[in-house]
Each structure stands twice: as C-alpha cells, then as structure tokens.
Participant: 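Can you read through this structure? Questions will come right after.
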Amino acid sequence: MVLYFSGTGNSKFAAEFIADEINDQCVSLNYVLKHNEPPEFASRKPFVICAPIHAGRFPAVVMKLLSKATFSGPRKVYFVATLSSKTCSVAASLKELAKNKHLEFGGLFFVTMPNNYVLGGNVPDHHEAEYQVKYVVVPRLLEVAYVIKNDDIMPEDNANPVVSAVSGSVNVMFNKFTVTSERFVVSDDCYVCGKCVEACPVNNIIIINGDPIFRKRCVNCYACINRCPRKAINIGKRTENVNRYVCLEYKEWKAKGIV
Ligand SMILES: Cc1cc2nc3c(=O)[nH]c(=O)nc-3n(C[C@H](O)[C@H](O)[C@H](O)COP(=O)(O)O)c2cc1C
Ligand code: SF4
Ligand code: SF4
C-alpha cells in the first residue's frame with residue numbers, strides 16, 4: 001500500500017508512479033485527514049509512505065497521523081520524501097516512527113521535484129517544471145520503484161548528526177512560529193470558485209459572505225496558494241510576483257508521453 005500526503009501534487013505523483021510500477025494501491029492521507037477517517041491501513045504488500053519535506057522533516061500533521069495509525073500486513077515500510085533541494089536529515093525521525101509502529105525501516109528515498117515554496121521564490125514555470133519531471137523526476141522514480149519492487153539494498157542517508165540536530169531545532173521553530181495562515185491575504189481577484197476550500201486537506205478555509213476565510217488549523221501545505229487559478233492568495237506582498245506550481249495529474253503526464 002502506497003500512502004501519500006501532498007499539497008501541490010508532487011508526492012501524489014510520486015506515490016501513483018510507484019504504485020503503478022509495483023502494482024499496488026494508493027491511499028490519500030489528504031482524504032483521511034479531510035474526512036476525519038480512522039487511520040487504519042491494511043496491506044498485502046510492504047507500506048510505502050510519500051510526503052513532502054517541510055523545513056527539513058515530514059510535515060508535523062503527517063507525523064501525527066502516522067503515529068496514531070494502525071498498520072496491518074507485512075511489517076516493512078519505505079519512505080519517499082519529495083523536496084526541492086537534494087537532501088535533508090529526516091531519516092532519524094522516520095526510523096523512530098517505524099520502530100514505534102513495529103515496522104521494519106526499509107529505506108528512505110529523496111526525490112527532488114519542482115519547488116512549491118512560494119516564500120522561497122524559485123518556483124518554476126510550466127516549462128521548467130515539465131523539463132524537471134521528464135529528465136530528473138521520472139528517472140529517479142524508476143530507480144525508487146525498482147528498489148522497492150525487488151527489495152533491493154538501500155543506500156543509507158548520510159546526514160551527519162550535527163546537521164541533523166540543527167535541522168531538528170529549525171523544524172521545531174518552523175512548526176511553532178511559521179505554520180500558520182495568519183499572514184495569508186486574499187485579493188479582489190478572488191471570484192469565489194471554492195478551489196482553495198476543496199484543496200485544503202485540513203478544512204482550514206471556509207467561505208463566509210463571499211470571502212474565503214482562514215481558520216487556525218493551517219499545516220502550511222501551500223495547496224491553496226498554488227492552486228488558486230487567480231493567484232489571489234498571497235503571504236503579505238512577498239509572493240505576489242512569484243510563480244505558482246501544481247504538479248500535473250499522473251494521467252496527464254501519461255497523456256503527454258512523459259510517463
Ligand atoms: C512550507 C514548506 C516548506 C518547505 N521546506 C522545504 C525544505 O526544507 N527543503 C526542501 O528541499 N524543500 C522544501 N519545500 C518544498 C517541497 O518539499 C517540495 O516542493 C515538495 O515536492 C512539495 O510536495 P507536494 O507537491 O506533494 O506538496 C517546502 C515547501 C513548503 C510548502
Ligand atoms: S481558489 Fe482563489 S479564486 Fe477560488 S475561492 Fe479560493 S481564493 Fe478565491
Ligand atoms: S490553508 Fe492553505 S496552506 Fe493552510 S493547510 Fe489549507 S491549503 Fe494548506
């Protein structure tokens with residue numbers, strides 16, 4: 001069973017690609033969260049968990065959900081982290097999670113994908129994203145799927161303990177002070193299409209009197225910002241001139257002949 005959490009579709013694409021290659025089913029953790037479903041997962045094949053890296057770790061909402069989850073079936077778990085840079089020191093937290101769930105840590109794969117972090121600035125346009133998916137992402141996902149399918153040897157994450165500790169503190173600060181929608185503003189370009197409401201995995205957005213209103217449970221997945229067809233959601237003024245990015249659906253990549 002391939003489980004995924006995804007804000008802008010990268011981790012969903014990775015999950016669906018791998019599921020197709022290893023002939024397994026995909027389950028959306030976004031759906032589980034959004035519909036408040038019990039996190040009970042039963043599989044006949046090893047578990048594969050795909051999620052984005054947010055400030056050096058899997059998002060806190062994902063870790064919390066997985067720590068409450070029950071996993072029945074084979075005891076092996078692989079993790080696939082999609083991210084915009086090359087690597088980060090997330091392995092220790094995932095090994096700990098696997099141990100607590102009585103799962104055998106099969107390995108951690110990094111898949112560098114287009115950046116959705118609009119505050120960072122370097123968000124690709126459609127052409128750059130397509131180039132990256134075709135020439136970087138797809139070849140990497142083929143390698144990942146091969147290792148999982150054949151239960152092959154996984155190279156170890158080689159982050160050193162100092163980097164790991166520092167990035168752990170950065171992540172704690174990030175979750176404490178940055179994970180909020182308090183600074184999100186909606187411009188007059190909004191035409192109340194409801195796509196942000198639909199996209200939010202934690203139901204943090206509601207429409208009141210024709211305006212999208214943000215509640216206090218944002219997990220900073222950036223789905224709403226990137227998926228708004230009018231670029232009407234911004235974080236202050238800093239994101240106004242930055243591209244928006246959403247990964248195409250798996251079937252759309254297939255139709256283009258890229259998968
Ligand atoms: C709030 C936030 C924090 C992020 N932090 C990192 C990071 O620390 N390192 C990194 O390489 N990419 C980071 N990114 C980029 C995403 O990990 C990357 O674009 C990912 O593939 C998005 O996956 P998704 O489309 O499944 O949500 C961050 C993105 C967001 C929205
Ligand atoms: S997605 Fe954009 S245009 Fe649609 S309701 Fe949300 S803010 Fe408005
Ligand atoms: S409000 Fe936007 S950024 Fe926050 S969790 Fe919902 S979709 Fe993600």
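Note that ligands are numbered from 1 as they come in the structure, with each ligand's atoms numbered from 1 the same way.
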Participant: Can you confirm whether more than 12 heavy atoms, excluding those of R238, are under 6.0 Å from its CZ atom?
Facilitator: no
Participant: Ignoring hydrogens, just give me the one of I225, T82, V219 whose non-hydrogen atom is nearest atom 21 (O) of ligand 1.
Facilitator: T82
Participant: Considering only the protein, which heavy-atom contact is closest to atom 6 (Fe) of ligand 2, and what is its distance?
Facilitator: C196 SG, 2.4 Å
Participant: Applying a heavy-atom cut-off of 4.0 Å, say which part of C247 lies close to ligand 1: side chain, backbone, both or neither.
Facilitator: neither
Participant: Looking only at distance, does H54 have an N or O less than 3.5 Å from an N or O of ligand 1?
Facilitator: no
Participant: Would you mind checking which non-hydrogen protein atom is closest to atom 8 (Fe) of ligand 3, with the distance to 0.1 Å?
Facilitator: C221 SG, 2.4 Å
Participant: Would you say N116 has any N or O atom under 3.5 Å from an N or O of ligand 1, going by distance alone?
Facilitator: yes
Participant: Within ligand 3, which atoms have a heavy atom of C224 less than 4.0 Å away?
Facilitator: 1 (S), 2 (Fe), 3 (S), 7 (S)
Participant: Please determine if M113 has a nitrogen or oxygen closer than 3.5 Å to a nitrogen or oxygen of ligand 1.
Facilitator: no
Participant: May I ask you to list the atoms of ligand 1 that are less than 4.0 angstrom from any heavy atom of S11?
Facilitator: 23 (O), 24 (P), 26 (O)
Participant: Do me a favour and list the nearest non-hydrogen protein atom to atom 5 (S) of ligand 3 with residue, atom name and distance?
Facilitator: V219 N, 3.3 Å
Participant: For C221 and ligand 1, does the shortest N/O to N/O distance drop below 3.5 Å?
Facilitator: no
Participant: Could you list the atoms of ligand 2 found under 4.0 angstrom from a heavy atom of C190?
Facilitator: 3 (S), 5 (S), 7 (S), 8 (Fe)
Participant: Looking only at protein heavy atoms, identify the closest one to atom 1 (S) of ligand 3 and say how far it is in Å.
Facilitator: N204 ND2, 3.3 Å
Participant: Does a side-chain N-to-carboxylate-O contact under 4.0 Å join E143 and R140?
Facilitator: yes
Participant: Could you tell me whether the side chain of D24 and the main chain of M1 form a donor-acceptor pair under 3.5 Å?
Facilitator: yes
Participant: Give me the residue, atom name and distance of the protein heavy atom closest to atom 7 (S) of ligand 2.
Facilitator: I233 CG1, 3.6 Å
Participant: Hey, is S181 touching ligand 3 through its side chain, its backbone, both or neither, going by heavy atoms under 4.0 Å?
Facilitator: neither
Participant: Checking the side chain of R230 only, and the main-chain atoms of V192 only, is there a donor and an acceptor separated by less than 3.5 Å?
Facilitator: no
Participant: Using a strict cut-off of 4.0 Å, indicate which atoms of ligand 1 neighbour a heavy atom of G7.
Facilitator: 24 (P), 26 (O), 27 (O)
Participant: Going by the order shown, which atoms of ligand 1 are within less than 4.0 Å of some heavy atom of S84?
Facilitator: 10 (C), 11 (O), 12 (N), 13 (C), 15 (C)
Participant: Given side chains that start at C-beta, do those of C224 and F184 come closer than 4.5 Å, heavy atoms only?
Facilitator: yes
Participant: Would you mind finding which of N10, N115, V137, N171 brings a heavy atom closest to atom 15 (C) of ligand 1?
Facilitator: N115
Participant: List the closest protein heavy-atom neighbour of atom 4 (Fe) of ligand 2: residue, atom name, distance to the nearest 0.1 Å.
Facilitator: C193 SG, 2.3 Å
Participant: With a cut-off of 4.0 Å, which atoms of ligand 1 are near a heavy atom of N220?
Facilitator: 1 (C), 31 (C)
Participant: How far is atom 2 (Fe) of ligand 2 from its nearest protein heavy atom, and which residue and atom is that?
Facilitator: C228 SG, 2.3 Å
Participant: If you measure every N/O of P52 against every N/O of ligand 1, is any gap under 3.5 Å?
Facilitator: no
Participant: Considering the heavy atoms of T8, write down every atom of ligand 1 situated less than 4.0 Å from one of them.
Facilitator: 24 (P), 25 (O), 27 (O)
Participant: Could you walk me through whether F47 and F71 pass the ring-ring contact (aromatic ring centres under 6.0 Å, His included) test, one step at a time?
Facilitator: CA-CA 8 Å; F47 291 96; F71 296 92; 5.1 Å; yes
Participant: Please identify which atoms of ligand 1 are closer than 4.0 Å to at least one heavy atom of G9.
Facilitator: 25 (O)
Participant: Between F17 and F13, what is the ring plane arrangement, given parallel below 30°, perpendicular above 60°, and tilted in between?
Facilitator: perpendicular
Participant: Specify side chain, backbone, both or neither for D189, according to which of its non-hydrogen atoms lie closer than 4.0 Å to ligand 2.
Facilitator: neither
Participant: Determine whether a donor-acceptor pair (N or O, by modelled atom type, separation under 3.5 Å) exists between the side chain of N243 and the backbone of V123.
Facilitator: yes
Participant: Are side-chain heavy atoms of L94 and M63 found at a separation under 4.5 Å?
Facilitator: yes
Participant: Students should be able to answer this: which protein heavy-atom is nearest to atom 3 (S) of ligand 3, and at what distance?
Facilitator: Y222 N, 3.3 Å
Participant: Please check: side-chain N/O of R215 versus main-chain N/O of S181, any donor-acceptor pairing under 3.5 Å?
Facilitator: no
Participant: Among N10, N226, T8, which one satisfies side-chain hydrogen bond (donor to acceptor under 3.5 Å, both in side chains) with N116?
Facilitator: T8
Participant: When you look for heavy atoms under 4.0 Å from ligand 3, do you find them on the side chain of V202, its backbone, both, or neither?
Facilitator: side chain
Participant: For ligand 1, indicate whether the residue S85 contacts it via side chain, backbone, both or neither (heavy-atom separation under 4.0 Å).
Facilitator: both
Participant: Please state whether the separation between atom 6 (Fe) of ligand 3 and some N/O/S atom of C200 is under 2.8 Å?
Facilitator: yes
